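What follows is one structure encoded as structure tokens, with my remarks underneath.
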Amino acid sequence: MVVDTAIVGFRFRHHGKHSGYDQIVSYLENVYYLNRNHYDLMLLLKNVPLPSRIVVFLNKIRDWLFYFKLRKICSNTNIKYIHFIYPENTLAFCPFEIPCDKIVIATFHQPLEFFEHIFRNCSRIEVRNFRRVNKAILLSKDKIFNFKELT
């Protein structure tokens, strides 16, 4: 079976053991789920207090591994669709441009002010990746016009 869709996401610590996105992925066929939590070393050390420098270092390792895998997914010619579940936390920090041959879907959760900050203060790659989104899912219909204007 050829996988043609990749879902890119993770579960926040405050989410239950079986988050809604985990349920969606379990019902979809022909999908690869790139879960950032698989690379998060901090989850293994749940309640161990660590100095902030170590936390920053572990998060850098997580991000490097995660984006390395995402780059491999983006270069896979069988993958046609990439759905970013939390683009504010993944796509926003992607260190490379998502290829044009991919259809990018993103489910946005943050208020419009969050994205205004990104478009004013972030690097060109981050802005290009957000503008690269082919289909956006917003949590409120009344945000559509302003979101289109911004992006």
Side-chain angles (χ1 to χ4, degrees), residues 1-46 58-151:
M1 172 174 22
V2 176
V3 174
D4 67 350
T5 303
I7 295 179
V8 179
F10 62 96
R11 182 186 313 124
F12 282 102
R13 290 181 187 201
H14 65 271
H15 289 172
K17 192 172 186 179
H18 303 285
S19 73
Y21 291 113
D22 291 326
Q23 299 305 313
I24 290 170
V25 169
S26 69
Y27 284 102
L28 295 175
E29 294 180 15
N30 231 15
V31 170
Y32 177 81
Y33 182 30
L34 176 59
N35 185 343
R36 190 180 75 179
N37 288 352
H38 291 292
Y39 307 99
D40 196 345
L41 301 171
M42 291 297 297
L43 292 175
L44 299 174
L45 305 169
K46 288 184 183 175
L58 292 175
N59 284 338
K60 285 183 188 268
I61 291 172
R62 175 204 65 199
D63 290 345
W64 188 89
L65 294 169
F66 172 74
Y67 288 116
F68 179 79
K69 183 64 176 182
L70 179 59
R71 188 181 289 266
K72 286 178 73 173
I73 288 170
C74 287
S75 65
N76 183 335
T77 56
N78 292 322
I79 302 282
K80 294 176 179 47
Y81 308 96
I82 302 175
H83 185 167
F84 289 89
I85 302 298
Y86 292 105
E88 305 92 339
N89 303 90
T90 53
L91 184 61
F93 302 103
C94 186
F96 58 89
E97 289 186 50
I98 304 298
C100 293
D101 67 332
K102 306 300 178 204
I103 295 174
V104 178
I105 305 160
T107 301
F108 294 97
H109 298 83
Q110 296 296 328
L112 198 58
E113 296 78 28
F114 178 88
F115 300 105
E116 288 171 351
H117 171 75
I118 288 177
F119 279 88
R120 284 193 200 117
N121 302 316
C122 292
S123 74
R124 289 190 346 228
I125 289 177
E126 292 164 335
V127 171
R128 278 189 201 153
N129 278 330
F130 272 130
R131 288 198 169 126
R132 174 73 190 76
V133 171
N134 300 97
K135 300 289 180 186
I137 300 169
L138 303 174
L139 299 184
S140 172
K141 284 184 178 183
D142 63 334
K143 305 291 183 208
I144 294 172
F145 178 76
N146 292 337
F147 194 80
K148 281 183 180 180
E149 292 253 320
L150 181 62
T151 59

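Residue numbers run from 1 in the order of the sequence given. These numbers come from a predicted model, not from an experiment.
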Tell me, do [X] and [Y] make a side-chain contact under 4.5 Å, heavy atoms counted?
X	Y	answer
Phe93	Asp63	no
Phe84	Phe108	no
Val133	Leu91	yes

| request: Begin from the C-alpha positions of Val8 and Phe66 and carry the test side chain to side chain contact (heavy atoms under 4.5 Å, CB included) through to its verdict. | output: CA-CA 10 Å; Val8 179; Phe66 172 74; 3.4 Å; yes
| said: Would you say the ring centers of Tyr39 and Tyr67 fall short of 6.0 Å from each other? | reply: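 Centroid distance Tyr39-Tyr67: not below 6.0 Å, so no.
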| task | Could you check Phe96 against Leu70 for side chain to side chain contact (heavy atoms under 4.5 Å, CB included), going step by step and ending with a plain yes or no? | result | CA-CA 10 Å; Phe96 58 89; Leu70 179 59; 3.9 Å; yes
Which residues satisfy the side-chain contact (heavy atoms from CB on, under 4.5 Å) test with [X], sequence neighbours excluded?
X	value
Pro99	Cys74, Asp101, Lys102
Tyr32	Val3, Leu34, Lys69, Ile73
Ile137	His83, Ile105, Thr107
Asn59	Asp40, Met42, Val55, Arg62

Reported [atom1]-to-[atom2] distance for the pair [X] and [Y], which is rounded to 0.5 angstrom:
X	Y	atom1	atom2	result
Asn78	Thr5	CG	OG1	11.0 Å
Ile103	Asn134	CD1	CG	6.0 Å
Asn37	Phe10	CG	CZ	7.5 Å
Ile82	Thr90	CD1	OG1	10.5 Å

| task | For Asn76, enumerate each residue passing the side-chain hydrogen bond (donor to acceptor under 3.5 Å, both in side chains) test, keeping only those at least two apart in sequence or located in another chain. | result |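 Partners of Asn76 under the side-chain hydrogen bond (donor to acceptor under 3.5 Å, both in side chains) test: none.
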| message | Per the salt bridge (charged side-chain N to carboxylate O under 4.0 Å, His left out) rule, what does the pair list look like for residues 75-94, sequence neighbours excluded? | response | none
| query | In terms of heavy-atom contacts, does CZ of Phe68 have more than 12 from other residues, nucleotides or ligands at under 6.0 Å? | reply |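 It does not: Phe68 CZ has 12 such atoms or fewer within range.
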| Is it true that a side-chain atom of Asn129 and a backbone atom of Ile98 form a donor plus acceptor pair closer than 3.5 Å? | yes
